[in-house]
Amino acid sequence: MKKGLSALILAAGKGTRFKSDKIKVLHPLMGKSMLQWVVDSIQKLGPDRIHIVVGYQKDLVQESLTGQNIDFVFQKKQLGTAHAVLAAHAALKKEADRDLLIMNGDLPLIRGETLKPLLRNHREKGNSLTFLTTDLDDPTGFGRVMLSEDKIFRIIEEKDATPAQRKEKEINVGIYLFRIKDLLKGLSQVSNKNKKGEYYLTDMIEILSRNGRKVGKYKTRNTEEIVGVNDRYELARAIDVLRLRKIKSLTERGVTVYDPGSTWIDHDVKVGRDTVIYPSVILEGESVIGSHCTLYPYVHMIDTRVGKRVKLLSSSMIEQSVIQDDARVGPFTHLRPNTIIRQGAKVGNFVEMKNTDFGRHSKAGHLSYLGDADIQEDVNIGAGTITCNYDGARKSRTKIESGAFIGSGTELVAPVKIGKRAYVGAGSTITKDVSPEALAVSRSRQQEKPDWAKRKRKK
Ligand code: UD1
Ligand code: CA
């Protein structure tokens with residue numbers, strides 16, 4: 001029978017060195033909280049249950065993970081990592097025949113691929129406890145892995161270490177696999193007689209060995225992943241690692257990224273093959289971009305779906321919108337939420353749209369505001385067209401039917417409808433519906449006073 005696996009994440013501490021009003025593990029990295037990264041890596045092992053020890057801002061932490069079938073245990077005071085595990089005692093007792101992965105909540109870079117061999121090793125060796133280690137050139141701050149005189153593993157924390165012990169380069173990562181039965185038996189033997197006055201989970205290594213249990217270590221070479229995030233500079237560096245990891249995975253799927261250094265693509269964004277991304281592009285949230293698109297510099301996109309062969313020209317901001325195949329948007333376009341640019345449409349310089357459906361092959365080339373509008377196919381919107389969609393109290397819609405031509409500098413005072421293939425003369429202020437095939441002009445007639453300028457000069 002397959003042995004069960006549970007996981008326990010330690011996330012009760014505030015993370016004082018972050019100097020934040022928000023608990024450390026809820027800070028985002030590439031669109032995903034630190035804790036969510038840890039949970040997602042653990043999920044790759046297919047655990048039967050995940051427990052999280054919460055304390056500081058526990059309601060916020062729980063809320064951030066709703067709907068993910070996670071068990072939360074509460075540690076009122078943070079008296080050390082062993083004390084945190086003790087908080088889960090009742091829950092773990094019911095799972096005594098399983099293995100338990102224990103992991104600090106501040107290790108967002110750990111991948112499932114690094115956890116898997118640890119679990120395999122633990123089970124192959126039949127260990128009671130296996131802890132993950134690695135060699136670091138600068139081990140400052142970490143617990144050091146030592147052998148006692150009678151050849152038993154132990155961890156000496158930085159604060160408790162002698163200068164000679166501090167030279168040891170093999171460190172304790174903070175990820176452990178326990179046989180739950182043995183863990184629960186040993187926990188009561190942990191004392192807090194150390195420099196910090198805390199109950200150290202790391203003491204379990206020596207305790208289980210002395211109880212005659214089999215304890216082993218597993219060394220990983222993936223040192224980049226084990227760096228804990230303790231302050232905001234480490235956060236910035238972790239973000240950089242995740243950012244480049246994302247870009248690498250996109251390039252492996254056939255996306256061209258010209259300048260990984262200046263490109264930001266959130267974790268959940270999807271990009272199709274043969275799409276080309278120029279420098280300084282930012283793609284956030286749950287954006288999906290199809291194949292053969294080109295994204296020119298300074299495109300900033302949030303939660304947007306883009307079809308195939310779309311061109312997004314420089315310096316465009318696109319939020320919660322849809323852009324269909326073969327459309328062209330930008331430069332300097334702002335698409336606000338709920339906008340659809342349909343197939344083959346063109347939206348150009350200094351055009352803003354909001355909550356607007358812009359039809360197939362329609363064009364709005366320059367300097368326009370189109371809000372709350374339904375614009376059908378093959379419509380031409382002249383430069384400087386403005387939908388007056390807001391009267392100070394209510395928003396109203398503008399409807400423009402297929403093939404209509406809106407002359408430059410037109411104001412469309414909503415609610416208003418322009419019929420099929422109708423024309424609106426340039427500079428009009430349209431307040432009434434225009435019939436299909438008609439021409440509407442609403443501007444005062446031009447007058448001319450001959451020699452007016454000459455007379456003015458003579459005065
Ligand atoms: C711990 C290890 C150290 C290891 C390092 C790796 C111990 C005693 N030391 O040190 O050997 O090299 O991780 O990063 O375990 N937490 C609680 N409740 C508590 C205390 C801590 O939930 O009462 C949580 C924290 O929120 C944090 C994690 O446990 O996520 C680690 O605690 P921390 O105090 O940061 O341990 P380190 O000093 O980093
Ligand atoms: Ca830490």
Side-chain angles (χ1 to χ4, degrees), residues 27-34 37 108-109 111 224-225 227 229 232-337 339 341 344-353 358 363-367:
H27 280 255
L29 300 92
M30 305 307 296
K32 193 156 119 175
S33 79
M34 199 183 298
W37 280 100
L109 299 183
R111 292 172 313 140
E224 173 199 85
E225 293 178 32
V227 190
V229 175
R232 303 239 197 177
Y233 188 61
E234 286 173 349
L235 176 72
R237 297 219 311 216
I239 287 172
D240 210 44
V241 170
L242 293 171
R243 198 177 57 76
L244 289 173
R245 231 188 244 174
K246 173 71 180 179
I247 290 171
K248 184 157 181 279
S249 89
L250 289 175
T251 58
E252 284 163 0
R253 291 190 181 110
V255 177
T256 292
V257 178
Y258 285 145
D259 182 18
S262 71
T263 307
W264 177 291
I265 303 177
D266 266 2
H267 174 75
D268 286 330
V269 173
K270 295 186 176 69
V271 185
R273 61 191 284 161
D274 286 322
T275 282
V276 174
I277 299 177
Y278 275 71
S280 301
V281 166
I282 300 178
L283 307 175
E284 292 188 275
E286 304 197 342
S287 297
V288 179
I289 293 158
S291 57
H292 299 275
C293 294
T294 311
L295 279 61
Y296 288 92
Y298 306 106
V299 166
H300 184 185
M301 180 185 294
I302 303 168
D303 295 328
T304 290
R305 296 186 76 88
V306 176
K308 298 176 189 138
R309 298 175 301 276
V310 168
K311 280 195 167 40
L312 301 176
L313 305 184
S314 305
S315 300
S316 294
M317 167 91 200
I318 300 163
E319 309 164 74
Q320 293 166 36
S321 292
V322 174
I323 301 174
Q324 295 184 345
D325 297 352
D326 303 298
R328 206 182 75 189
V329 171
F332 301 101
T333 297
H334 187 185
L335 301 183
R336 290 165 51 204
T339 294
I341 306 298
K346 292 195 169 69
V347 185
N349 305 270
F350 306 103
V351 174
E352 174 183 349
M353 290 196 197
F358 196 68
K363 292 180 188 142
H366 338 260
L367 297 159

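Everything numeric here is computed off the predicted structure, so don't read it as measured data. Quick note: residue numbers are just sequence positions, from 1.
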Side-chain ion pair, Arg237 and Asp240, N-O less than 4.0 Å: no

Short side-chain to backbone donor-acceptor contact, Thr304 and Val322, under 3.5 Å: no

Heavy-atom check, side chain of Val269 versus side chain of Met301, under 4.5 Å: no

Check against side chain to side chain contact (heavy atoms under 4.5 Å, CB included), His27 and Val229: CA-CA 10 Å; His27 280 255; Val229 175; over 6 Å; no

Min side-chain heavy-atom separation Ser315-Pro331 under 4.5 Å: no

Short side-chain to backbone donor-acceptor contact, Asp325 and Lys308, under 3.5 Å: yes

Residues which pass side-chain contact (heavy atoms from CB on, under 4.5 Å) with Lys32, listed by chain and number, not counting sequence neighbours: Gln36, Trp37, Asp40, His267

Residue pairs involving residues 289-314 (criterion ring-ring contact (aromatic ring centres under 6.0 Å, His included); sequence neighbours excluded): Tyr278-Tyr296

Pairwise distance CG(Asp266) to CG(Leu29) - rounded to 0.5 angstrom: 10.5 Å

Option from Thr339, Val347, Val329 for which side chain to side chain contact (heavy atoms under 4.5 Å, CB included) with Phe358 holds: Val347

Arg336 side chain to Glu352 backbone, donor-acceptor under 3.5 Å: no

Sub-4.5 Å side-chain heavy-atom contact between Ile323 and Leu335: yes

From CA spacing to verdict: side chain to side chain contact (heavy atoms under 4.5 Å, CB included), Glu319, His334: CA-CA 8 Å; Glu319 309 164 74; His334 187 185; 2.8 Å; yes

Between OG1 on residue Thr294 and CG on residue Asp274, distance to nearest 0.5 Å: 10.0 Å

Main-chain N/O of His366 paired to Asn349 side chain as donor or acceptor, under 3.5 Å: no

Side chain to side chain, Val255 and Ile277, heavy atoms closer than 4.5 Å: yes

Thr275 side, atom OG1; Arg253 side, atom CZ - distance, nearest 0.5 Å: 13.5 Å

Beyond-backbone contact of Tyr258 with Val276, side-chain heavy atoms, under 4.5 angstrom: yes

Closest heavy-atom pair and its distance - Cys293, Arg309: SG-N, 3.7 Å

Test log, rule side chain to side chain contact (heavy atoms under 4.5 Å, CB included), inputs Val241 and Glu225: CA-CA 9 Å; Val241 170; Glu225 293 178 32; over 6 Å; no

Sub-4.5 Å side-chain heavy-atom contact between Met30 and Arg245: no

Full working for side chain to side chain contact (heavy atoms under 4.5 Å, CB included) between Leu295 and Leu283: CA-CA 10 Å; Leu295 279 61; Leu283 307 175; 3.7 Å; yes

Min side-chain heavy-atom separation Ser321-Ile341 under 4.5 Å: no

